[in-house]
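Report on the structure given below.
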Amino acid sequence: MANFFECVYKCVNKIPRGQVATYGQIAALIGSPRAARQVGWALHQLPADTTIPWHRVINRFGEISTTCDTHTAELQKILLQKEGVRTTKRKDGLWWINLEKYQWTTP
DNA sequence: GAGCTGACAATAG
DNA sequence: GCTATTGCCAGCT
């Protein structure tokens, strides 16, 4: 791997349209199953107009956990819905994605 | 220059 | 079975 972030971006790019992956999955793919935090960091650094499908990456509960100003949960929800991923709003205001249905199964 | 923080997850107790 | 702790790596203070 070139650098950690590059690998993250590469893996995220591999996520098929209409599916989502967890931070742990991405971390595992780049060889560090416990580096989920860094995956979040990598996505946090991305500009709003990036081509990387950062919205397809969520936490292990299938929730949108970003509080970032450029990547709001609402924006992520919209992007996911555009791809045919159903998002459900929970009581606590978080958007929830049915991982059983939309989780990307890595080969 | 060193330590802390951060979109989390896996393992051990 | 659940709770607490450790690991990951880069950027920021």
Side-chain angles (χ1 to χ4, degrees):
Chain A
M1 56 165 144
N3 62 41
F4 198 84
F5 282 26
E6 283 284 325
C7 293
V8 172
Y9 300 148
K10 241 182 176 178
C11 289
V12 174
N13 256 330
K14 287 181 189 168
I15 303 175
R17 183 183 166 282
Q19 293 196 273
V20 296
T22 65
Y23 293 101
Q25 274 187 295
I26 304 298
L29 281 174
I30 62 184
S32 302
R34 298 185 189 176
R37 299 178 89 168
Q38 274 53 49
V39 177
W41 246 87
L43 299 178
H44 179 71
Q45 301 299 317
L46 287 171
D49 61 348
T50 182
T51 55
I52 309 286
W54 58 269
H55 51 276
R56 292 177 194 158
V57 186
I58 52 187
N59 66 10
R60 67 161 184 254
F61 301 115
E63 296 165 346
I64 299 176
S65 46
T66 175
T67 54
C68 187
D69 201 42
T70 48
H71 313 100
T72 60
E74 185 113 358
L75 175 60
Q76 187 162 8
K77 177 211 72 175
I78 292 171
L79 289 169
L80 285 170
Q81 286 185 336
K82 266 188 179 178
E83 300 187 345
V85 177
R86 266 196 202 177
T87 54
T88 313
K89 189 162 191 178
R90 294 176 58 195
K91 276 186 187 175
D92 44 10
L94 284 178
W95 291 95
W96 178 74
I97 291 127
N98 190 341
L99 287 177
E100 298 275 328
K101 227 176 171 180
Y102 298 107
Q103 184 168 36
W104 176 42
T105 50
T106 55

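If you're wondering where the values come from, they're calculated on a predicted model, not measured in any experiment. Order of the sequence lines sets the chain letters (A, B, ...), proteins ahead of strands, with each chain counted from 1.
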Quiz item: Which atoms form the tightest heavy-atom contact between A:Phe5 and A:Gln38, and what is the distance?
Solution: CE1-O, 4.4 Å

Quiz item: Atom CH2 in A:Trp104, atom OG1 in A:Thr22: separation rounded to 0.5 Å?
Solution: 10.0 Å

Quiz item: For A:Arg56 and A:Arg17, what are the C-alpha separation, side-chain angles and deciding distance, and is it a side-chain contact (heavy atoms from CB on, under 4.5 Å)?
Solution: CA-CA 8 Å; A:Arg56 292 177 194 158; A:Arg17 183 183 166 282; 3.8 Å; yes

Exercise. Quick one, give me the B/S/- string for nucleotides 8-13 of chain B, reading 5' to 3', where B means a protein heavy atom under 4.0 Å from the base and S means that only happens at the primed atoms, P, OP1 or OP2.
Key: BBSS--

Quiz item: Is it true that atom NZ of A:Lys10 has more than 12 heavy atoms of other residues, nucleotides or ligands lying nearer than 6.0 Å?
Solution: no

Quiz item: To the nearest angstrom, how far is A:Leu46 atom CG from C:dG11 atom P?
Solution: 13 Å

Quiz prompt | Between C1' of C:dG11 and CG of A:Asn3, the distance in whole Å | solution = 13 Å

Quiz prompt | Hphob cluster co-occupancy, A:Trp54 + A:Ile30, side-chain heavy atoms under 4.5 angstrom | solution = yes

Self-check item: Whole-Å gap separating C1' (C:dA10) and CG (A:Leu43)
Solution: 13 Å

Quiz item: Do the side chains of A:Ile64 and A:Ile97 get nearer than 4.5 Å, heavy atoms only?
Solution: yes

Quiz item: Does the side chain of A:Val20 reach to within under 4.5 Å of the side chain of A:Ile15, using non-hydrogen atoms?
Solution: no

Quiz item: Using atom C1' of each nucleotide, how far apart are B:dA7 and C:dA4 to the nearest Å?
Solution: 22 Å

Quiz prompt | Atom-to-atom span, CZ of A:Phe5 to P of C:dC8 - whole angstrom | solution = 16 Å

Exercise. Determine whether any donor atom in the side chain of A:Trp41 lies under 3.5 Å from an acceptor atom in the base of B:dG6, or the reverse, and answer yes or no.
Key: yes

Practice problem: Figure out the CG/C1' separation between A:Leu94 and B:dA7, and round it to whole Å. | Solution: 12 Å

Practice problem: For B:dC4 versus C:dG7, give the span between their C1' atoms, rounded off to a whole number of Å. | Solution: 16 Å

Self-check item: Side chain proximity check, A:Gln81 to A:Thr87, heavy atoms < 4.5 angstrom
Solution: yes

Self-check item: Between C:dG7 (C1') and A:Phe4 (CZ): distance, integer Å
Solution: 11 Å

Practice problem: Starting from P on B:dA7, measure out to CD on A:Gln38 and report it in whole angstrom. | Solution: 11 Å

Within the sub-3.5 Å range, which N or O atoms of nucleotides 2-5 of chain C have a protein N or O partner, and how far apart are they?
none

Exercise. Taking the side chain as every heavy atom from C-beta outward, state whether A:Leu99 and A:Ile58 have any atom pair closer than 4.5 Å.
Key: yes

Quiz prompt | Atom-pair distance (CD1 on A:Ile26; C1' on C:dC8), nearest Å | solution = 15 Å

